[in-house]
Asks: 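Take this structure first; my questions come after.
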Amino acid sequence: MRTDHAHTLRGHLLIATTGLRDSMFRRSVVFLCAHSPAGAMGLMINRPTQDVSWQTLLPNLKPMINFRLENEPIYEGGPAQTQRGFVLHSPEYIDGQETLRIGDGFAMTTGDRILRDMVSGRGPSRRLVAMGYAGWGAGQLDSELRENAWFTVAAKPDLVFGAPDDAKWRGAIAAIGIDSRALSGLSAQHGHA
């Protein structure tokens with residue numbers, strides 16, 4: 001899928017092609033929260049981190065964390081601001097100016113309140129917590145798309161929130177009609193962003 005400069009990819013997934021040069025993003029799936037001529041911002045949704053736990057994120061709520069969140073991973077959102085948390089979630093939860101609506105099926109919220117609400121059972125029904133984000137300066141992502149470093153597809157909540165992490169890349173590739181096994185020898189020059 002080709003994109004042009006006038007088309008925003010907000011609410012889409014970026015799917016790393018097998019020829020992407022940056023090893024940090026190898027086989028990554030990035031949900032784009034923002035995309036404009038000024039740049040882009042997204043969260044990797046298929047890389048659980050071992051570096052951050054719920055207990056270190058919210059030490060004062062430790063007993064409740066074990067009950068509510070013990071099986072929910074925290075993700076590496078990207079290399080920028082890795083000490084800052086972002087929650088990508090279903091749109092029924094809104095926290096004023098802390099929440100950015102992204103199309104019909106998604107929202108993103110920052111701040112501690114959403115984390116406390118999640119622990120107490122008042123948070124969004126579907127969610128993904130990420131530390132850090134992936135960012136691109138003006139024109140940078142568009143250039144990477146022209147170089148076929150990424151595939152793009154509209155994000156679907158079931159893939160973002162419901163698929164196992166190790167299946168999200170293949171699932172996103174399949175959503176654009178490509179068999180991931182056919183990509184093993186494909187380089188960035190032959191991709192379709």
Side-chain angles (χ1 to χ4, degrees), residues 9-16 20-36 38-91 93-103 106-141 144 149-150 155 157 160-161 163-166 168-169 172:
L9 292 175
R10 179 179 167 177
H12 281 66
L13 298 177
L14 294 179
I15 310 154
L20 185 67
R21 293 183 198 104
D22 188 339
S23 63
M24 168 169 278
F25 292 104
R26 185 179 181 282
R27 288 191 170 244
S28 67
V29 180
V30 178
F31 180 92
L32 275 180
C33 302
H35 179 232
S36 73
M41 178 270 183
L43 303 171
M44 284 194 292
I45 62 165
N46 65 328
R47 294 256 174 85
T49 181
Q50 304 303 314
D51 298 336
V52 180
S53 71
W54 284 102
Q55 285 75 18
T56 58
L57 205 57
L58 297 168
N60 296 336
L61 299 175
K62 195 172 184 176
M64 291 177 70
I65 288 169
N66 291 336
F67 176 70
R68 298 254 185 221
L69 301 173
E70 64 187 3
N71 294 320
E72 288 192 34
I74 297 172
Y75 293 82
E76 285 180 42
Q81 294 189 18
T82 57
Q83 300 304 308
R84 185 171 180 203
F86 300 86
V87 182
L88 180 64
H89 57 87
S90 49
Y93 179 94
I94 300 293
D95 184 13
Q97 293 183 332
E98 302 296 322
T99 299
L100 170 68
R101 284 191 169 276
I102 307 167
F106 299 93
M108 181 189 66
T109 302
T110 58
D112 290 340
R113 185 176 338 183
I114 187 171
L115 298 174
R116 288 192 302 271
D117 285 349
M118 287 168 57
V119 169
S120 66
R122 294 187 312 264
S125 61
R126 301 182 94 179
R127 67 274 183 123
L128 186 148
V129 176
M131 298 303 291
Y133 69 91
W136 292 264
Q140 185 180 3
L141 179 58
E144 290 180 16
W150 301 96
V160 172
F161 300 120
D165 297 320
D166 60 358
K168 287 180 181 177
W169 185 82

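Remember, it's a predicted structure, so these values are computed and weren't measured experimentally.
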Asks: Test side-chain contact (heavy atoms from CB on, under 4.5 Å) on Ile45 and Phe161 and set out the steps.
Replies: CA-CA 9 Å; Ile45 62 165; Phe161 300 120; over 6 Å; no
Asks: Are the side chains of Leu100 and Met41 in contact, using a 4.5 Å heavy-atom criterion?
Replies: no
Asks: Determine yes or no for a side-chain-to-main-chain donor-acceptor pair under 3.5 angstrom, with Asn46 supplying the side chain and Arg27 the backbone.
Replies: yes
Asks: To the nearest 0.5 Å, tell me how far Arg127 CZ sits from Leu88 CG.
Replies: 12.5 Å
Asks: Rounded to the nearest 0.5 Å, how far does CZ of Arg47 lie from CG of Asp166?
Replies: 12.5 Å
Asks: Look only at the side chain of Thr56 and the backbone of Val52, and say whether a donor-acceptor pair between them is shorter than 3.5 Å.
Replies: no
Asks: Apply the test side-chain contact (heavy atoms from CB on, under 4.5 Å) to residues Leu69 and Val129: give CA-CA distance (whole Å), side-chain angles for both, the deciding distance (0.1 Å), then the verdict.
Replies: CA-CA 11 Å; Leu69 301 173; Val129 176; over 6 Å; no
Asks: OG1 of Thr49 to CD1 of Ile74: how many Å apart, nearest 0.5 Å?
Replies: 8.0 Å
Asks: List the steps and the verdict of side-chain contact (heavy atoms from CB on, under 4.5 Å) for Phe25 and Met44.
Replies: CA-CA 8 Å; Phe25 292 104; Met44 284 194 292; 3.8 Å; yes
Asks: His35 and Ala40: which non-hydrogen atoms are nearest, and at how many Å?
Replies: CD2-CB, 3.9 Å
Asks: Report the distance from atom OG of Ser28 to atom CG of Leu43, rounding to the nearest 0.5 Å.
Replies: 12.0 Å
Asks: Who are the side-chain hydrogen bond (donor to acceptor under 3.5 Å, both in side chains) partners of Ser125, not counting sequence neighbours?
Replies: Ser90, Glu92
Asks: Indicate the atoms forming the closest heavy-atom contact of Met108 with Cys33, along with that distance.
Replies: SD-SG, 3.7 Å
Asks: Looking at CD1 of Ile94 and NE2 of His89, how far apart are the two atoms once the value is rounded to the nearest 0.5 Å?
Replies: 6.5 Å
Asks: For Trp150, which of Val30, Ile15, Leu9 qualifies under side-chain contact (heavy atoms from CB on, under 4.5 Å)?
Replies: Val30
Asks: Using the ring pair (Phe, Tyr, Trp, His ring centres under 6.0 Å) rule, pick out the option among Tyr133, Tyr75, Phe106 that qualifies with Phe31.
Replies: Phe106
Asks: Which value, rounded to the nearest 0.5 Å, describes the distance between Met131 atom CE and Asp51 atom CG?
Replies: 10.0 Å
Asks: Strictly distance-based, threshold 3.5 Å: is any side-chain N or O of Arg126 a donor or acceptor partner for the main-chain N or O of Val160?
Replies: no
Asks: For Met118 and Leu58: C-alpha separation, side-chain torsions, deciding distance, then whether side-chain contact (heavy atoms from CB on, under 4.5 Å) applies.
Replies: CA-CA 11 Å; Met118 287 168 57; Leu58 297 168; over 6 Å; no
Asks: Ignoring hydrogens and angles, write down the donor-acceptor pairs under 3.5 Å from the side chains of residues 79-87, residues two or more places apart or on other chains.
Replies:
{"residue": "Gln81", "atom": "OE1", "partner": "Arg84", "partner atom": "NH1", "Å": "3.4"}

Asks: Tell me if a side-chain donor or acceptor on Lys168 pairs with a main-chain N or O of Val29 at a distance below 3.5 Å.
Replies: no
